[in-house]
Number of protein chains: 2
Amino acid sequence: MRDTERDESIAAVRSFNRFYTRRIGVLRDGLLNSDFSLTEARVLYELAHAEGVTAAGIARELGLDPGYLSRILRTFERGGMVSRMPSPSDARQSILALTTEGRKAYAALDARSQADVAAMVDALPPDGRRRLTAAMRTVEAVLEGRGDGPRPILLRPNRPGDIGWIIHRHAVLYTGEYGWNAGFETLVAEIAAQFLAKFDPAREMCLIAELGDVLAGSVMVVRDSDEVARLRLLLVEPEARGHGIGRRLVEECVRFARGAGYRKLTLWTNNVLTAARRIYETAGFRLVSEEPHDRFGPPMVGQTWDLDLRP
Amino acid sequence: MRDTERDESIAAVRSFNRFYTRRIGVLRDGLLNSDFSLTEARVLYELAHAEGVTAAGIARELGLDPGYLSRILRTFERGGMVSRMPSPSDARQSILALTTEGRKAYAALDARSQADVAAMVDALPPDGRRRLTAAMRTVEAVLEGRGDGPRPILLRPNRPGDIGWIIHRHAVLYTGEYGWNAGFETLVAEIAAQFLAKFDPAREMCLIAELGDVLAGSVMVVRDSDEVARLRLLLVEPEARGHGIGRRLVEECVRFARGAGYRKLTLWTNNVLTAARRIYETAGFRLVSEEPHDRFGPPMVGQTWDLDLRP
DNA sequence: TCAATAGATTGCTTTTGTCAACTATATGGT
DNA sequence: ACCATATAGTTGACAAAAGCAATCTATTGA
């Protein structure tokens, strides 16, 4: 990642922190003529949602000073909202629980918060609402570190719209990353359109890779002749690289081609695509011929790779 | 929008509020052994970035109590960080400015915050960073209301990748909204591939509509014969409807076709696409023939519309 | 010209949060 | 069994943060 991009990220995060600090302030004001402060409300929320919680647990969860929390719990207890039960496993702890009274107070608070947020959300245009929801979930996920946990990889056959996506992404990526010209988009579009028009499910296949729940890659196997299958349009999104998606896609193609009774799997690629080259080598492909060309603008070397499918 | 979607939005916003309240707490802790509280830091930021600002301005901007702010400014002034100048236009106000000392203090604070955020950002995986940045910008934009202000509409010729996008969106929308089958995607892909392969810039055109900075629609004019142009693949994203984008696209096509010397502009559509029908009628097209078909699955009526381009 | 209003400040008060000390229990090692 | 050390929870003392109301001055609009 370029440094300017990093700096922009930092600036965006800082801007967002300032922005949301203000919003949290508004949130606090919203509680102004309820019976609770923002911190009390947060504690109440924890009590209502984490059954059988202890004081230390809440303090850890919310990052509160134990002394401060102790006092808040005391006022709750005096107000008849919280009951304590000595923990069976640890005599130092008490298990906290909301009383009926406490639940009622929480319900009121909850309804109020719900209404406040609903008013805000309803004021948004429908697509703004959708975008907001998705964006907030993303922020949470990324910062929680859920974002860099292993997102599930899914390989599935193409669905309506996927072929267009393949063309779209090929064109955007190769013109952007390698400066290829419109000739490439034309070639991809023709290949893709042909695939749709002449699709033979027994002997042809298009696979789409999803990482998490976003499209991350594609590949096709098409019939060249009765004996020979061709692997085409292998693509892995830059953001999804490093998960072995390319390798998995090619493996599936090999398996499919073998199962469909082909004798050979061939493919055409270009020398500048070094990542792909490595995948093909690993899968057992052999480079059989090369010829320089400039069909896509910059001069490069086209390569044909073959894989013998016989056992 | 379905109600469950609204409820989910509300839940997501509330969850996010809880989440970010916690983060702001961490932020505050980060300032712990600096010389400033979070609020002081925010005031300092305003002073550093909004030149010639007044106390009331800051109070409004940050939602602070004027009395509280007054005291903060006094401590800044006593610390030699802020200077006041009587406002020339309003004798009640003072124009606030940071002294050299004040700038130095801000720079230190800024560097520290920068470093903190940088550490956090650097700990993210690269694509996480990108997603975070984009998502935070989105949240800000939507909540600031920038999201529902009039987003600029832009019509432009296609760029690499757009043709794929057109296929992608046609297939997704028509299979989703009307239950059309894969035959439709095939047709669109063939039309699009043909357009790329035989493109004649003097007599053909593809227009892409952007709303804000996202793709919102498309249309093509292709040569049918020397005398007749054909309008194809008119599409407006559901989220972008109601901005007159479809009408604008068709108008541009008519203008282009006339300028390119065609005598007639024709198009083929289907009766179920009522919104498009209205656009064609408004543009002056006349329905010249109809025939029922079920090429795309559900039975419908294909329609040919013509527009005479002669003056 | 005068009432209403906005900017700024101050005294007073409450709320919120921190810190350190202390008790009681738990845990792990020898 | 015993001891050092750590954790749960409480309390007192205190400091920081924030809010409220009164006040003064200048501005604005009728």
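Chain A is the first sequence line, chain B the second, and so forth, proteins listed ahead of strands; every chain is numbered from 1.
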Hey, does the side chain of [X] come within less than 4.0 Å of [N]'s phosphate (OP1/OP2), counting only N and O?
X	N	value
Ser37(A)	dT16(C)	yes
Arg84(A)	dT10(D)	yes
Arg60(B)	dG7(C)	yes
Arg74(A)	dT11(D)	yes

Carboxylate-amine/guanidinium contact [X] [Y], below 4.0 Å:
X	Y	value
Arg130(A)	Glu5(B)	yes
Glu252(A)	Arg255(A)	yes
Glu51(B)	Arg103(B)	yes
Arg42(A)	Glu46(A)	no
Asp65(B)	Arg71(B)	no

Calculate the interatomic distance between [X] atom [atom1] and [N] atom [atom2]; express it in whole Å.
X	N	atom1	atom2	answer
Ile72(A)	dA8(D)	CD1	P	18 Å
Leu69(A)	dT10(D)	CG	C1'	11 Å
Leu64(B)	dC20(D)	CG	P	13 Å
Asp35(B)	dA17(D)	CG	C1'	17 Å
Ile95(A)	dA8(D)	CD1	C1'	12 Å
Leu73(B)	dA17(D)	CG	P	15 Å
Phe36(A)	dT16(C)	CZ	C1'	16 Å
Ile58(A)	dT7(D)	CD1	C1'	17 Å

Could you tell me whether the side chain of Arg71(B) has a donor or acceptor atom within less than 3.5 Å of a complementary atom in the base of dG11(C)?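 Under the 3.5 Å cut-off, the side chain and the base do form a donor-acceptor pair.
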Toward the 5' end of DNA chain D, which comes first, Asp65(A) or Asp29(A), by nearest nucleotide?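 Of the two residues, Asp65(A) wins.
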So Ser94(A), base contact, sugar-phosphate only, or nothing? Heavy-atom distance under 4.0 Å.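 Sugar-phosphate contact only.
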When all nucleic acid strands are considered with a 4.0 Å heavy-atom cut-off, which category describes Asp90(A): base, sugar-phosphate, or nothing?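 Answer is sugar-phosphate: Asp90(A) comes under 4.0 Å of backbone atoms only.
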Among the nucleotides [options], which one has an atom lying closest to any side-chain atom of [X]?
X	options	answer
Ala56(A)	dA26(D), dT9(C), dG9(D)	dG9(D)
Gln93(A)	dA26(C), dA8(D), dA8(C)	dA8(D)
Arg92(B)	dC20(D), dT10(C), dA26(D)	dA26(D)

